[in-house]
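Below: the structure, in structure tokens.
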Amino acid sequence: VQLQASGGGLVQAGESLRLSCAASGAILSFFNMAWYRQAPGRQRELVASISSRSDADYVDSVRGRFTISRDNAKNTMSLQMNSLKSEDTAVYYCAAARFNYSPVVPSSYDYWGQGTLVTVSS
């Protein structure tokens, strides 16, 4: 199974970006998915998660600005990021878990994408 994250880039504060995570070798509809991010010098943190039943949850700092979604027909997951702030600057990773996972525990995920860099200038 391989996850490919894409869509990162350099934007100004207040602008938007859309990240995508494409899967090969697996049917994402069977997986619980998440976006994590890691800023320089900081631990990897959960940004948003979406269950196999499409129940979504967000960390408080992005709630109302970010939207996680999945397109089972295209076997992809996305993160729409609006009203970006400088503190959103990080490498963003997509992750997938089949069973027995805790959304906030990185080690409970089975597969990770390679990361895509989001830089927000103020």
Side-chain angles (χ1 to χ4, degrees):
V1 177
Q2 289 189 327
L3 301 179
Q4 180 74 34
S6 62
L10 172 63
V11 297
Q12 293 187 337
E15 295 184 339
S16 299
L17 275 176
R18 185 176 181 87
L19 306 183
S20 293
C21 179
S24 59
I27 300 174
L28 285 187
S29 62
F30 294 150
F31 287 79
N32 303 290
M33 306 289 296
W35 286 97
Y36 272 74
R37 66 186 178 188
Q38 187 166 19
R42 302 189 66 176
Q43 290 187 333
R44 192 171 295 192
E45 66 168 351
L46 176 68
V47 176
S49 63
I50 186 166
S51 72
S52 58
R53 298 174 300 179
S54 294
D55 297 319
D57 200 9
Y58 303 89
V59 66
D60 286 344
S61 61
V62 309
R63 194 183 307 275
R65 299 189 296 123
F66 291 10
T67 302
I68 190 171
S69 62
R70 58 196 310 156
D71 186 333
N72 292 334
K74 295 182 179 180
N75 213 32
T76 60
M77 176 187 66
S78 297
L79 185 69
Q80 177 67 40
M81 305 186 296
N82 299 329
S83 303
L84 282 162
K85 305 176 180 180
S86 57
E87 52 262 43
D88 295 319
T89 295
V91 177
Y92 284 71
Y93 300 88
C94 57
R98 186 70 177 95
F99 299 112
N100 300 324
Y101 87 117
S102 173
V104 299
V105 178
S107 61
S108 67
Y109 289 84
D110 300 307
Y111 306 104
W112 289 85
Q114 85 290 1
T116 185
L117 177 62
V118 173
T119 304
V120 184
S121 63
S122 58

- Query: Where is the tightest heavy-atom contact between S20 and W35, given as atom of each residue plus distance?
  - Reply: O-CH2, 3.6 Å
- Under the side chain to side chain donor-acceptor pair (under 3.5 Å) test, which residues partner R18, sequence neighbours left out? Q80
- Output the distance between atom CG (L19) and atom OH (Y92), rounded to the nearest 0.5 Å. 7.5 Å
- Task: Evaluate the side-chain proximity of F31 to M77: yes if any heavy-atom separation is below 4.5 Å, no if none is.
- Result: no
- Message: The criterion is side-chain contact (heavy atoms from CB on, under 4.5 Å); which residues satisfy it with A22, sequence neighbours excluded?
- Response: T76
- Message: Going by side chain to side chain donor-acceptor pair (under 3.5 Å), name the residues that satisfy it together with N100, two or more places apart in sequence or in a different chain.
- Response: none
- List the atom of Y111, the atom of L3, and the distance in Å for their closest heavy-atom pair. O-CD1, 3.7 Å
- Are Y101 and M33 co-members of a hydrophobic cluster defined by side-chain heavy atoms under 4.5 Å apart? no
- Query: Less than 4.5 Å apart, any side-chain heavy atom of Y58 and any of T67?
  - Reply: yes
- Residues in side-chain contact (heavy atoms from CB on, under 4.5 Å) with E15, at least two apart? V11, Q12
- Message: Suppose the criterion is disulfide (SG to SG under 2.5 Å): which pairs have a residue in residues 30-98, not counting sequence neighbours?
- Response: C21-C94
- Message: With a 3.5 Å distance limit and no angle check, can you tell me whether N75 reaches the backbone of A26 through a side-chain donor-acceptor pair?
- Response: yes
Mind listing the side-chain donor-acceptor pairs of residues 48-55 below 3.5 Å, one per line with the distance, residues two or more places apart or on another chain?
residue	atom	partner	partner atom	Å
S51	OG	R53	N	3.2
S51	OG	S54	N	3.4
S51	OG	D55	N	3.0

- Query: What residues, two or more places apart in sequence or in another chain, satisfy side chain to side chain donor-acceptor pair (under 3.5 Å) together with Y109?
  - Reply: none
- Message: If hydrophobic residues (ILVMFWY) are linked whenever their side-chain heavy atoms come closer than 4.5 Å, directly or via other members, who joins L10 in its cluster?
- Response: none
- Message: Once salt bridge (charged side-chain N to carboxylate O under 4.0 Å, His left out) is applied, what residue pairs with a partner in residues 106-116 remain, sequence neighbours excluded?
- Response: none
Donor-acceptor pairs under 3.5 angstrom involving side-chain atoms of residues 112-119: please list them, not counting sequence neighbours.
residue	atom	partner	partner atom	Å
Q114	OE1	A5	N	3.1
Q114	NE2	A5	O	2.8
T116	OG1	G8	N	3.0

- Return the set of residues passing side-chain contact (heavy atoms from CB on, under 4.5 Å) with Q38 (not counting sequence neighbours), or none when no residue passes. R44, Y93
Distance-only check: which donor-acceptor pairs under 3.5 Å involve side-chain atoms of residues 83-90, not counting sequence neighbours?
residue	atom	partner	partner atom	Å
D88	OD1	R37	NH1	2.9
D88	OD1	R65	NH2	3.1
D88	OD2	R65	NH1	2.8
D88	OD2	R65	NH2	3.4
D88	OD2	K85	N	2.8
T89	OG1	S86	O	3.0
T89	OG1	V120	N	2.9
T89	OG1	V120	O	3.4

- Task: List the steps, then state whether side chain to side chain contact (heavy atoms under 4.5 Å, CB included) holds for V104 with L46.
- Result: CA-CA 6 Å; V104 299; L46 176 68; 3.7 Å; yes
- Between A56 and I68, the two heavy atoms sitting closest are CB-CG2, 3.7 Å
